[in-house]
Amino acid sequence: MRKSEIERKTKETDIYVCLDLDGTGRADIDTGIGFFDHMLTALAVHGRLDLVVKCSGDLNVDGHHTVEDTGIVIGKALYEAFGDKKGIERFACATVPMDEALARCALDISGRAYLCFDAPSLKGMIGCFDAALTEEFFEAMCSNAFFCVHIDELRGRNAHHVCEAIFKSFARALRAAKSVTGSSVPSTKGSI
């Protein structure tokens with residue numbers, strides 16, 4: 001069973017995440033930031049994983065701790081759910097349009113944390129969500145899932161569209177990379 005349940009409590013946030021890699025896209029998300037909830041729902045639906053995220057954070061300060069810490073906990077849940085990674089496809093790439101925006105995500109479930117992020121249109125606020133926190137979320141998630149991820153905004157003007165295309169491209173890449181297509185660990189080293 002490729003499932004994980006993680007809780008993390010600090011002075012800034014209290015987060016619970018339950019994740020099932022072999023789910024159907026069911027999402028139950030409540031972070032207190034509407035647009036961020038929308039993006040995490042898109043991650044679950046388009047990644048075809050079941051995801052529960054409950055976060056109580058210091059939104060009276062701003063959304064930074066909520067978004068970054070949610071990335072940490074989702075990353076830890078992904079790492080745990082993947083287990084020994086036997087049989088996974090491992091590598092995947094997805095390009096997703098959203099109106100004028102186009103985003104690409106290349107993903108390696110590598111056991112090595114690395115994020116290359118290029119999205120110059122992610123500025124300003126999208127509702128109550130600071131668009132610049134998109135990179136913070138992916139950095140925290142990749143660092144804790146031990147994924148190598150390259151995310152590129154290929155074009156776009158509207159920050160809402162660019163951000164949504166980014167989340168959906170990551171979700172589609174994750175959906176492909178997590179697929180079980182064999183029985184051995186996909187690495188010349190014999191482990192990931």
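Since this is a predicted model, take the numbers as computed values, not measurements.
Around atom CZ of R48, no more than 12 heavy atoms belonging to other residues, nucleotides or ligands sit under 6.0 Å away. At most 12 non-hydrogen atoms from other residues, nucleotides or ligands lie less than 6.0 angstrom from OH of Y79.
Taking the six-membered ring where the residue is Trp, F167 and F36 present perpendicular rings, their angle passing 60° and hence far from 30°.
With a 4.5 Å cut-off on side-chain heavy atoms, V53 and L51 count as touching. Considering only heavy atoms from C-beta on, L78 comes within 4.5 Å of F147 through its side chain. Put simply, the side chain of C163 reaches to within 4.5 Å of the side chain of F35, judged on heavy atoms. Contact annotation: the side chain of L133 never approaches that of E68 to less than 4.5 Å [non-hydrogen atoms, C-beta and beyond]. When side chains are defined from C-beta on, V73 does not count as touching Y16, because their heavy atoms never get closer than 4.5 Å. A heavy-atom distance below 4.5 Å is found between the side chains of K54 and D28. Counting heavy atoms from C-beta outward, E80 and I6 have side chains that approach closer than 4.5 Å. The shortest side-chain heavy-atom distance between R2 and V180 falls under the 4.5 Å cut-off.
Under a 4.0 Å N-O distance rule, the pair D152/R104 qualifies as a salt bridge. Salt-bridge formation is detected for the pair D69/R8: a Lys NZ or Arg NE/NH1/NH2 atom is positioned less than 4.0 Å from an Asp or Glu carboxylate oxygen.
T70 approaches T66 most closely through the heavy-atom pair OG1-O, 2.6 Å. Taking every heavy atom of both residues into account, R155 and V162 meet most closely at O-CG2, 4.4 Å. Nearest heavy atom pair, residue A92 against residue A177, reads CB-N, 3.7 Å. Nearest heavy-atom pair, A77 versus V17, reported as atom, atom and distance to 0.1 Å: CB-CG1, 3.9 Å. Annotation for I166 and A119: closest pair CD1-CB, 3.7 Å, computed over non-hydrogen atoms. Considering all non-hydrogen atoms of both residues, C142 and A113 come closest at O-CB, 3.5 Å.
In the hydrophobic cluster analysis, where Ile, Leu, Val, Met, Phe, Trp and Tyr join through side-chain heavy atoms closer than 4.5 angstrom, L43 is grouped together with L122. Residues I109 and F138 share a single hydrophobic cluster, defined by chaining ILVMFWY side chains whose heavy atoms lie under 4.5 Å apart. Under the 4.5 Å side-chain heavy-atom criterion for grouping Ile, Leu, Val, Met, Phe, Trp and Tyr, L59 is connected to V67 within one hydrophobic cluster. The hydrophobic cluster containing F117 also contains F137, counting ILVMFWY residues as joined when their side-chain heavy atoms lie under 4.5 angstrom apart, directly or transitively. The same ILVMFWY cluster, assembled from side-chain heavy atoms under 4.5 Å apart, contains both F82 and L49.
Without hydrogens or angle criteria, E139 side chain to L115 main chain gives no donor-acceptor distance under 3.5 Å. Under a 3.5 Å cut-off, the side chain of E153 and the backbone N or O of A101 do not form any donor-acceptor pair. The backbone N or O of K86 sits less than 3.5 Å from a side-chain atom of D84, completing a donor-acceptor pair. Although no hydrogens or angles enter the test, the distance criterion places no donor-acceptor pair under 3.5 Å between the side chain of K76 and the main chain of A145. A distance-only check finds a donor-acceptor pair linking the side chain of D62 to the backbone of H64 [under 3.5 Å]. Put simply, the side chain of D58 never gets that close to the backbone of V61: no donor and acceptor are under 3.5 Å apart. At distances below 3.5 Å, at least one donor-acceptor pair connects side-chain atoms of T134 with backbone N or O atoms of A131.
The structure places CD1 of I151 at 4.5 Å from SG of C105, a figure rounded to the nearest 0.5 Å. Expressed to the nearest 0.5 Å, how far CD of E164 lies from CD1 of I126 amounts to 9.5 Å. Taking CD1 from I33 and SG from C55, the interatomic distance works out to 7.5 Å, rounded to the nearest 0.5 Å. One finds the CZ atom of R90 at 4.0 Å from the CG atom of D108 (value rounded to the nearest 0.5 Å). With rounding to the nearest 0.5 Å, the separation of NE2 in H46 from NZ in K168 is 4.0 Å. With values rounded to the nearest 0.5 angstrom, F146 atom CZ is found 12.0 Å from R112 atom CZ.
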Quick one, T31 with I29, criterion side chain to side chain contact (heavy atoms under 4.5 Å, CB included). Give me CA distance, side-chain angles, the key distance, then yes/no.
CA-CA 7 Å; T31 66; I29 314 292; 4.2 Å; yes
Evaluate D14 against S56 for side chain to side chain donor-acceptor pair (under 3.5 Å), listing each step before the verdict.
CA-CA 5 Å; D14 186 352; S56 174; over 6 Å; no
Are L102 and T95 close enough, and set up right, to give a side chain to side chain contact (heavy atoms under 4.5 Å, CB included), and what steps lead you there?
CA-CA 7 Å; L102 186 66; T95 304; 3.6 Å; yes
Are V149 and Y114 close enough, and set up right, to give a side chain to side chain contact (heavy atoms under 4.5 Å, CB included), and what steps lead you there?
CA-CA 6 Å; V149 176; Y114 190 84; over 6 Å; no
Output, in order, the C-alpha distance, side-chain angles, deciding distance and verdict of side chain to side chain contact (heavy atoms under 4.5 Å, CB included) for I15 and I74.
CA-CA 10 Å; I15 303 174; I74 290 175; over 6 Å; no
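Residues S179 and E89 have side chains that never bring a donor and an acceptor to within less than 3.5 angstrom of each other.
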